[in-house]
Peer 1: 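Handing you a structure now.
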Amino acid sequence: MAIKLYNTLRKQKEEFVPVEPGKVKMYVCGPTTYNYIHLGNARPIVAFDIIRRYFRYRGFDVTYVQNFTDVDDKIINRAKEENMDPVALAKKYIEAYFADADQLGVLRADVHPKVTEHIKEIITMVRRIIERDLAYEVNGDVYFAVRQFPGYGKLSGRSLEDMQAGARIAVGEQKRDPLDFALWKAAKPGEPAWNSPWGKGRPGWHIECSAMSTKYLGETFDIHGGGADLIFPHHENEIAQSEGCNGVLSVKYWLHNGFITINQEKMSKSLGNFFLLRDILAKFPGPVVRFYLMNTHYRSPLDFDDQKLAAAEKSLQRIWTTYRLIAEKIAGLEKAPGSDGEDLATLKELPEKVRENFIAAMDDDFNTSLALAAVFDLCKEVNTLLNQRDFQGGEETIKALQAILALFAELDAVVAVLIPKEEETDDLTQDLLEIIMNLRGKARSAKDWPTADYIRDALKPLGIIIEDTPDGPRWKKEK
RNA sequence: GGCGCCAUAGCCAAGUGGUAAGGCAGAGGACUGCAAAUCCUUUAUUCUCCAGUUCAAAUCUGGAUGGCGCCUCCA
């Protein structure tokens, strides 16, 4: 079965057909590094990480590029405020970005190109666009002549007339037409600048993505992703630049994620209603945040508050509990094998059924919400079987359970949240807890409930959770 | 003003023609010394509203209402 994805360019779901068989080349607009990233920034990062992982899971050879905009008005302004060199400021926040992304389980892109390291490519591209009469230079600025490019508006579904009304020329700009946008900006005093055929200056915002995507993925590549707010003007301009320059289709599939909202309002730096990811990660583990983002389809809006993260944490714990239950059951059966029961057939069939449902869901425009339902179904069925009082099993049952554990690992390669990340405990802790558990066991045998409860309650604040299960007491460490 | 998106239970959320997935929270029960975890049962005769098409609509069409986004930096 083929993977279908929603293409903003044609406003419909389409079957994915790669430019080159077996390969996926994708580019995602990364952050402008002038601050720590906020939750809204995290959405595309996670969404496209999942998409990228899924293509890989389905056997594609994926090349994934995500840029950093490390030169920009906002960076320059922020650098002035912090009295830092703009390049150093960008570097600081790029490092912070990776720290945050790592916690979310986001894999590194194959390439993380920076604008400052691609000035040469950008200048070459601007020059070619000028040669094709699609851009013009005025006093060190270079502007793209929008009316010269016939396809302008095809992504955002706007006509030039529609755009005319909202367009304006800012003070100091020298555009021939209000709709034209800057490819190159003449240097202002004190700003980072590079030599160019048009004098000292720096790239406009849009040209970087065209130059870098072309360099790493070719003139025509498969997927371009980003937030829905980038459709216009950023991605519209990218199309104009890349196709104007190269003369061929630049991107086959445009994918856009929906927004995170706060009280139904868009979370954004400009509205000031944003939550820094690092602050959220101080309260909730990365996998929980990732699960929360994944629980809703990537194109839908997603409202944020702490209660929703708390609910996500509970949901995720349900999956983790099942994972632990299976692992413990296997260990128990290995110690004291019984005979394989009639549950064996069901256990053996489970992985294939769940895998099928998971893939069908993900194939349909990466329906993570539905894919997770398949995992919850698995949890329910396994829990039901394993909790039967008379459940036992031999070699075959153990194999079947191991296959289910392997399925968790397999699906985890896509969603990266299915396997609980145990807090590490050192040997001393292990040994001490064994002693404590023994003491508590004696207290319980003697029906000394106050002592037993004291031990359990006192350890809880330390992150040690004691549970008395039908199979005996056990403890786990949680954050 | 132009372009576009959305509306499903207390909350989150899937479902785009065949009779409402899943999760959280709630209720009852099992298990337990208690708690936790888990299991069983239960929670929308109905998908914002109105009209239409159809044997059949949450799903298609038209309209209304409400909410959001883009058009200026934004993921």
Side-chain angles (χ1 to χ4, degrees), chain A residues 8 11 13 28-32 34 37-48 69 72-74 77 153 156-159 161-168 170 179 205 225-234 236 256-261 264-271 274 291-292 295-297 299-303 305 307-319 321-322 324-325 357 361 364 367-377 379-380 382-389 444 447-450 452-453 456-457 460 465-471 473-474 476:
Chain A
T8 307
K11 299 192 189 356
K13 276 188 205 171
V28 174
C29 288
T32 300
Y34 70 105
I37 61 168
H38 59 71
L39 184 62
N41 296 308
R43 184 136 197 227
I45 293 166
V46 169
F48 292 108
T69 300
D72 171 272
D73 288 337
K74 293 187 291 292
N77 293 337
S156 55
R158 296 153 204 260
S159 66
E161 292 67 41
D162 293 340
M163 290 182 269
Q164 193 73 64
R168 65 182 183 197
L179 297 176
W205 172 41
D229 51 352
L230 296 181
I231 294 171
F232 190 88
H234 185 55
E236 194 69 66
H256 293 96
N257 63 273
F259 297 122
I260 306 271
T261 58
Q264 318 297 332
E265 250 191 348
K266 179 180 171 180
M267 177 190 295
S268 73
K269 286 173 183 170
S270 49
L271 287 176
F274 62 90
F291 182 92
Y292 158 76
N295 191 225
T296 303
H297 187 93
R299 283 193 287 111
S300 303
L302 174 55
D303 203 57
D305 59 55
Q307 283 77 32
K308 282 162 189 155
L309 270 187
E313 185 161 31
K314 291 259 191 141
S315 300
L316 188 51
Q317 256 156 13
R318 180 176 169 79
I319 295 173
T321 299
T322 299
R324 285 198 181 100
L325 176 68
N357 291 340
D364 186 11
N367 193 334
T368 46
S369 184
L370 195 57
L372 284 173
V375 175
F376 282 111
D377 287 341
C379 291
K380 179 131 183 162
V382 172
N383 288 341
T384 302
L385 289 173
L386 298 195
N387 272 296
Q388 287 167 1
R389 272 254 175 247
R444 293 185 73 219
K447 296 200 190 302
D448 179 3
W449 309 127
D453 291 349
R456 187 172 60 198
D457 296 344
K460 200 174 175 188
I465 312 290
I466 294 181
E467 293 176 351
D468 298 312
T469 72
D471 294 330
R474 68 177 173 203
K476 63 182 178 186

Peer 1: Would one find a side-chain N or O of A/Trp205 under 4.0 angstrom from OP1 or OP2 of B/C74?
Peer 2: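 Result: yes.
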Peer 1: Which is true for A/Ile45 with a 4.0 Å heavy-atom rule: it touches a base, it touches only sugar-phosphate, or it touches nothing?
Peer 2: nothing
Peer 1: Considering every strand shown, what is the Watson-Crick or G-U wobble mate of B/C3 when both distances are under 3.5 Å?
Peer 2: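 Partner of B/C3: B/G69.
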Peer 1: Once you apply a heavy-atom cut-off of 4.0 Å, does A/Ala373 come out as touching a base, just sugar-phosphate, or nothing?
Peer 2: base
Peer 1: NA contact type, A/Leu372, heavy-atom cut-off 4.0 Å: base, sugar-phosphate, or nothing?
Peer 2: nothing
Peer 1: Taking the six-membered ring for Trp, are A/Phe376 and A/Phe291 parallel (under 30°), tilted (30 to 60°) or perpendicular (over 60°)?
Peer 2: perpendicular
Peer 1: Could you tell me whether A/Lys447 contacts a base, only the sugar-phosphate backbone, or nothing, with contacts defined as non-hydrogen atoms closer than 4.0 Å?
Peer 2: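 The answer is nothing, as A/Lys447 stays clear of every strand by at least 4.0 Å.
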Peer 1: Have a look at A/Asn387 and say if it touches a base, only the backbone sugar-phosphate, or nothing, with a 4.0 Å heavy-atom cut-off.
Peer 2: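 Sugar-phosphate contact only - A/Asn387 comes under 4.0 Å of backbone atoms but never of a base.
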Peer 1: Side chain of A/Arg456, base of B/C34: donor and acceptor closer than 3.5 Å?
Peer 2: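 Such a pair is found, so the answer is yes.
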Peer 1: Taking NZ, NE, NH1 and NH2 as the nitrogens, is one of them in A/Lys308 or A/Asp305 under 4.0 Å from a carboxylate oxygen of the other?
Peer 2: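 Between A/Asp305 and A/Lys308 there is a salt bridge, with a charged N closer than 4.0 Å to a carboxylate O.
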Peer 1: Could you check whether A/Phe259 and the base of B/A75 form a stacked pair, meaning centres closer than 5.5 Å and planes differing by less than 30°?
Peer 2: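 No; by the centre-distance and plane-angle rule, A/Phe259 does not count as stacking on B/A75.
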Peer 1: Any base atoms under 4.0 Å from A/Gly40, or only sugar-phosphate, or nothing? Heavy atoms, all strands.
Peer 2: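 Touches a base.
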Peer 1: B/A57 and B/U46: how far apart are their P atoms, nearest whole angstrom?
Peer 2: 14 Å
Peer 1: When all nucleic acid strands are considered with a 4.0 Å heavy-atom cut-off, which category describes A/Thr384: base, sugar-phosphate, or nothing?
Peer 2: sugar-phosphate
Peer 1: Distance check, C1' atoms only: B/G22 and B/C5, in whole angstrom units.
Peer 2: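 It works out to 25 Å between them.
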Peer 1: If you measure from the P atom in B/U72 to the same atom in B/C3, how many Å do you get, rounded?
Peer 2: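 Between the two P atoms, the distance is 16 Å.
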Peer 1: So, is A/Lys380 near the phosphate of B/C40, with a side-chain N or O under 4.0 Å from OP1 or OP2?
Peer 2: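 Indeed, a polar side-chain atom of A/Lys380 lies that close.
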Peer 1: A/Ser300 near the nucleic acid: base, sugar-phosphate alone, or nothing, with a heavy-atom cut-off under 4.0 Å?
Peer 2: sugar-phosphate
